[in-house]
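Reading through the structure tokens given below for one structure.
Residue numbering restarts at 1 for every chain, and letters A, B, ... go by the order of the sequence lines.
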Number of protein chains: 2
Amino acid sequence: MPRSGAEARDRLERGALELYIERGYDQTTIADIAARAGVTQRTYFRHFPDKREVLFSVESRQQQALADALAEVASSAPPLAAVLQAFRSMAPALEDNRPLAVARHRVISVTPALRERELMKEAALGAVVADALRQRGLSEWSATLLAQVTTAALGHAIHTWVADRNSDINDLIVQAFTDLGEFASSHLGPR
Amino acid sequence: MPRSGAEARDRLERGALELYIERGYDQTTIADIAARAGVTQRTYFRHFPDKREVLFSVESRQQQALADALAEVASSAPPLAAVLQAFRSMAPALEDNRPLAVARHRVISVTPALRERELMKEAALGAVVADALRQRGLSEWSATLLAQVTTAALGHAIHTWVADRNSDINDLIVQAFTDLGEFASSHLGPR
DNA sequence: GTCTATATCGCGATAGAC
DNA sequence: GTCTATCGCGATATAGAC
């Protein structure tokens with residue numbers, strides 16, 4: 001019953017995940033979540049704008065981390081390599097929270113409403129990448145194209161990672177980029 | 001004020017787009033949409049599951065068209081080329097509905113809730129592509145990776161198309177795939 | 001077609017933390 | 001005392017149930 005905002009917020013996040021797993025997203029009411037965290041419904045809405053967002057605070061942190069990582073990559077590195085390096089720098093943090101990530105994705109994958117939100121977060125990540133690429137001098141067209149495509153590849157790597165207990169996210173990211181390059185050049189040919 | 005299902009549905013779609021443009025999505029109520037179409041709220045929900053879906057019946061048709069196109073591409077064509085060909089086959093239909101597409105995207109781009117739904121539709125398109133690639137013998141990993149990535153490229157082409165009055169969707173799709181191959185091979189290089 | 005649950009948000013009052 | 005989080009009450013509208 002601490003009054004401190006951060007703790008209540010944390011309890012709301014954990015409780016929501018638990019409830020969404022126990023009963024399913026649709027069968028869980030915001031009142032339930034608030035009750036489990038020992039606060040009122042109104043308080044829930046001060047911390048999160050809607051019923052979905054409780055599960056996505058992680059993504060916000062990842063987005064910030066990615067932005068920082070992108071800024072640190074040497075500006076001499078070619079675009080794709082820079083993005084790859086930034087993505088790989090996120091691996092440790094991801095690997096540390098594997099159990100949580102697996103639990104989250106289990107609920108998300110069976111709940112359309114949550115999947116929509118997840119795609120939105122992925123798009124937000126893409127926007128961050130696009131910004132970084134623009135600052136590296138890429139045209140609007142190229143920056144956005146590469147950002148969208150690489151983000152899609154990252155999403156694919158992460159999905160495979162949470163689904164396969166024995167996989168390593170860093171390896172999967174590298175694999176995705178490698179395969180992408182291989183397919184692209186062998187079938188469409190770079191001039 | 002015909003009651004015939006198809007006509008009412010059509011009026012609901014047109015009316016919703018108009019209202020979303022006039023007042024904005026948030027300021028529009030489903031009752032408003034139903035009223036403008038001359039039906040009740042209940043009727044609205046018989047045609048569409050929620051407030052967003054009214055704007056996305058086009059996507060459903062595109063998805064079907066894409067599935068058909070993918071099935072018709074010679075199985076001898078390499079994966080990426082097959083997907084590109086299928087995407088290009090959608091160009092005429094898109095070009096025919098340009099004004100509508102522009103109006104839709106204008107509303108969607110400023111409405112997070114609608115953007116989420118759009119991303120979901122894009123993901124659904126990706127699933128169709130992944131299915132086709134799997135049937136062509138690609139591994140689960142490769143099929144999904146290529147599907148996600150090519151779909152992202154298509155999305156980028158379409159966004160550019162609706163934003164640029166003088167662009168041609170077919171050209172943009174080809175350009176996206178070409179640039180993708182170029183970037184991939186010149187910066188990460190396959191072997 | 002009617003009824004209801006509940007997500008979402010505005011407002012004024014309250015109560016810990018500094 | 002000033003913040004800031006919380007509470008409690010109320011209103012609207014989406015979505016689904018009957």
Just do the salt bridge (charged side-chain N to carboxylate O under 4.0 Å, His left out) check on A:Glu116 and B:Arg52 with the steps written out, would you? CA-CA 12 Å; A:Glu116 281 190 338; B:Arg52 308 169 184 177; 2.7 Å; yes
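- Near-neighbour residues of DNA chain C inside residues 52-60 of chain A, defined by a heavy atom below 4.0 Å, are absent.
- What separates NZ of B:Lys51 from P of D:dA15 is a distance of 8 Å, to the nearest Å.
- Between B:Thr29 and D:dT14 there is a side-chain polar atom (N or O) within less than 4.0 angstrom of OP1 or OP2.
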Can you give me every donor-acceptor pair (side chain of residues 71-94 of chain B, partner residue at least two apart or in another chain, under 3.5 Å) with its distance?
unit_1, atom_1, unit_2, atom_2, d
B:Arg88, NE, B:Asn170, OD1, 3.0
B:Ser89, OG, B:Ala86, O, 2.6

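- A salt bridge links A:Glu95 to A:Arg98: at least one charged side-chain nitrogen sits closer than 4.0 Å to a carboxylate oxygen.
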Salt bridge (charged side-chain N to carboxylate O under 4.0 Å, His left out) assessment of A:Lys121 paired with A:Glu53: CA-CA 10 Å; A:Lys121 297 298 181 178; A:Glu53 200 67 17; 2.6 Å; yes
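- In this structure, B:Arg14 places its CZ atom where only 12 or fewer heavy-atom neighbours from other residues, nucleotides or ligands lie under 6.0 Å away.
- Between A:Arg46 atom CZ and C:dA13 atom C1' there is a gap of 12 Å when expressed in whole angstrom units.
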Output one line per pair: protein atom, nucleotide atom from nucleotides 16-18 of chain D, and distance, for all N/O pairs under 3.5 Å.
unit_1, atom_1, unit_2, atom_2, d
D:dA17, N6, B:Arg42, NE, 3.4

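- One atom, CD of A:Gln41, and another, C1' of D:dT6, lie 14 Å apart when rounded to the nearest Å.
- Distance, A:Asp26 CG to C:dA7 P: 10 Å, rounded to whole Å.
- To the nearest angstrom, P of D:dT6 lies 15 Å from CD1 of A:Ile30.
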Could you give me the CA-CA distance, side-chain angles and deciding distance for A:Arg36 and A:Asp32, then say whether salt bridge (charged side-chain N to carboxylate O under 4.0 Å, His left out) is met? CA-CA 6 Å; A:Arg36 180 166 297 200; A:Asp32 294 336; over 6 Å; no
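- Remark: A:His47 pairs with no residue by the ring pair (Phe, Tyr, Trp, His ring centres under 6.0 Å) rule, at least two apart or across chains.
- Take B:Phe56 and apply the ring pair (Phe, Tyr, Trp, His ring centres under 6.0 Å) test, not counting sequence neighbours, and it matches no residue.
- In this structure, A:Arg11 places its CZ atom 14 Å from P of D:dA5, rounding to the nearest Å.
- Taking the six-membered ring where the residue is Trp, B:His105 and B:His159 present perpendicular rings, their angle passing 60° and hence far from 30°.
- DNA chain D lies under 4.0 Å from no heavy atom of any residue of residues 106-118 of chain B.
- At the heavy-atom level, B:Thr43 lies nowhere under 4.0 Å from the strands shown.
- When rounded to the nearest whole Å, the span between CZ of A:Phe48 and P of C:dA7 equals 15 Å.
- Distance OH (B:Tyr44) to C1' (D:dA13): 13 Å, rounded to an integer number of Å.
- Salt-bridge annotation for A:Arg104 and A:Glu59: present, with a side-chain N of the basic residue lying under 4.0 Å from a carboxylate O of the acidic one.
- A salt bridge links A:Arg9 and A:Glu13; the closest N-O separation between the charged side-chain nitrogens and carboxylate oxygens is under 4.0 Å.
- Taking 4.0 angstrom as the limit, A:His47 places a side-chain polar atom (N or O) nearer than this to OP1 or OP2 of D:dT6.
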